[in-house]
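Computed from heavy atoms alone, side chains included, the values below leave out hydrogens, waters and symmetry copies. Whatever order the structure lists them in is the order used to number ligands and atoms, beginning at 1. We number each residue from 1, following the sequence as shown.
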Amino acid sequence: MREHVWRASPSLAMIKYWGKAVPAAGTGDADIAGSNIPASFSLAVGLEGLYSETRVRLADDGMDRVMLAGREADPVRYAGFFSGLRLLLGVEHHWECCSENNFPTAAGLASSSSGFAALAAACAAASAAITGEPVPHELLSQAARIGSASAARAVWSGFVALRAGARSAEQVHAPDWWPALRVIVVRISDLPKEASSRDAMELTRLTSPYYQAWLEDSPRVYAEALGALAARDLGRLGPLIRASTMRMFGSMLGADPPVLYWLPQSVAVLQAVARLRRDGAMVWETMDAGPQVKLFCLDKEAEGVCHSLLGVLPELEGRLLVLRVGGGLARVG
Ligand code: ADE
């Protein structure tokens, strides 16, 4: 059976998604195809240079299987994705999959976004080789979303939106829209996170008194960010990136028990970045479900920002990665 090999890059949200929409009772949405629909608006970039690479062939034993970095992954995590994909593609076969990430997994670098995007593309390619029907990108986005909402974005390159209530993501601008934009990934720890984002999100939705406020704020921050991105104005976009990040964490801190992904080193970086900004640098921070910090700046400032950070936090030597906006799906075999 022929192997199909696809890569996808992680999708890093500038404007955050945190929390799933609750399916309306009796609509059938409670089943697989309706799951993982976001309740908030997100706007993200694909990270060039980081990727998940996934090899898939059709299974001949009637079982879906995922090997992740050489080890069998928990089938429960993937069961909904595979049955949803069969429904969407109108097929009945199963897939045998092997995937690797060229960056730390489950550590807050959006590995599930690239992982499920590459998985959806490779499985769909293996199926299309049988059915003869190519799978449209929009359907790939929908399929990837069943695995992880942010994976819906990772099938597209460049600047990508996933609206509240949407089943698939959309490309807002190609990567060359803003060639000067850079993301600095500050790798604080490679250890897998203790709380899965899936569980932490649900806990926030169910117990945080700030969750409603977070949802209500989301459309306005998203709309303003779209405008700032259209103008390529980091002076406007940066504070929105920071506000979206901090409000998301505010909603998590209000959960019972609170959700806290930050490490002391994460806070040290946030404070160092605030000082750089006070000294005139145009650099803005974001974080996700993990201790890593990601910074947005322009190419002309990236080297200076890294140099200044290493000046105050020399332990970050070898832990800074400057990336361009790119990503999306690529067939590699
Ligand atoms: N979750 C994290 N990384 C993954 C990958 N490469 N494939 C599937 N699921 C993942």
So, applying side-chain hydrogen bond (donor to acceptor under 3.5 Å, both in side chains) with Thr286, which one of Lys294, Lys16, Arg242 is it?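 Among Lys294, Lys16, Arg242, the one that satisfies the side-chain hydrogen bond (donor to acceptor under 3.5 Å, both in side chains) with Thr286 is Lys16.
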
Nearest protein heavy atom to atom 10 (C) of ligand 1, by residue and atom, and its distance?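 Minimum-distance protein heavy atom for atom 10 (C) of ligand 1 reads Tyr78 OH, 3.5 Å.
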
So which protein heavy atom does atom 3 (N) of ligand 1 come closest to, and at what separation?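 For atom 3 (N) of ligand 1, the nearest protein heavy atom is Asn101 ND2, 3.0 Å.
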
Tell me whether Phe103 shares a hydrophobic cluster with Val325, the cluster being built from Ile, Leu, Val, Met, Phe, Trp, Tyr side chains joined at under 4.5 Å.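 Hydrophobic grouping puts Phe103 with Val325.
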
Hey, does Thr54 sit under 4.0 Å from ligand 1 if you only count heavy atoms?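 No.
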
Are the charged groups of Glu285 and Arg277 less than 4.0 angstrom apart, N to O?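 Salt bridge flag = yes for Arg277 with Glu285.
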
Any Val269 side-chain heavy atom under 4.5 Å of Leu316 side chain: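 Yes, side chains in contact.
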
Apply ring-ring contact (aromatic ring centres under 6.0 Å, His included) to Trp156 and His137, showing your working. CA-CA 8 Å; Trp156 300 104; His137 229 73; 4.5 Å; yes

For Tyr51, which residues count as a ring pair (Phe, Tyr, Trp, His ring centres under 6.0 Å) partner, sequence neighbours excluded?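 Ring pair (Phe, Tyr, Trp, His ring centres under 6.0 Å) list for Tyr51, sorted by chain: empty.
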
Look at atom 2 (C) of ligand 1 and find which of Ser111, Gly115, Ala122 reaches it with the closest heavy atom.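 Ranked by closest heavy atom to atom 2 (C) of ligand 1, first place is Ser111.
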
Tell me whether Ser99 has any N or O atom under 3.5 angstrom from an N or O of ligand 1.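 Ser99 vs ligand 1: N/O contact under 3.5 Å present.
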
Distance filter under 4.0 Å to Ser52 heavy atoms, resulting ligand 1 atoms: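 Heavy-atom distances to Ser52 below 4.0 Å select 6 (N).
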
Measure Leu68 to ligand 1 on non-hydrogen atoms and call it side chain, backbone, both or neither using the 4.0 Å cut-off.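 The answer is the side chain.
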
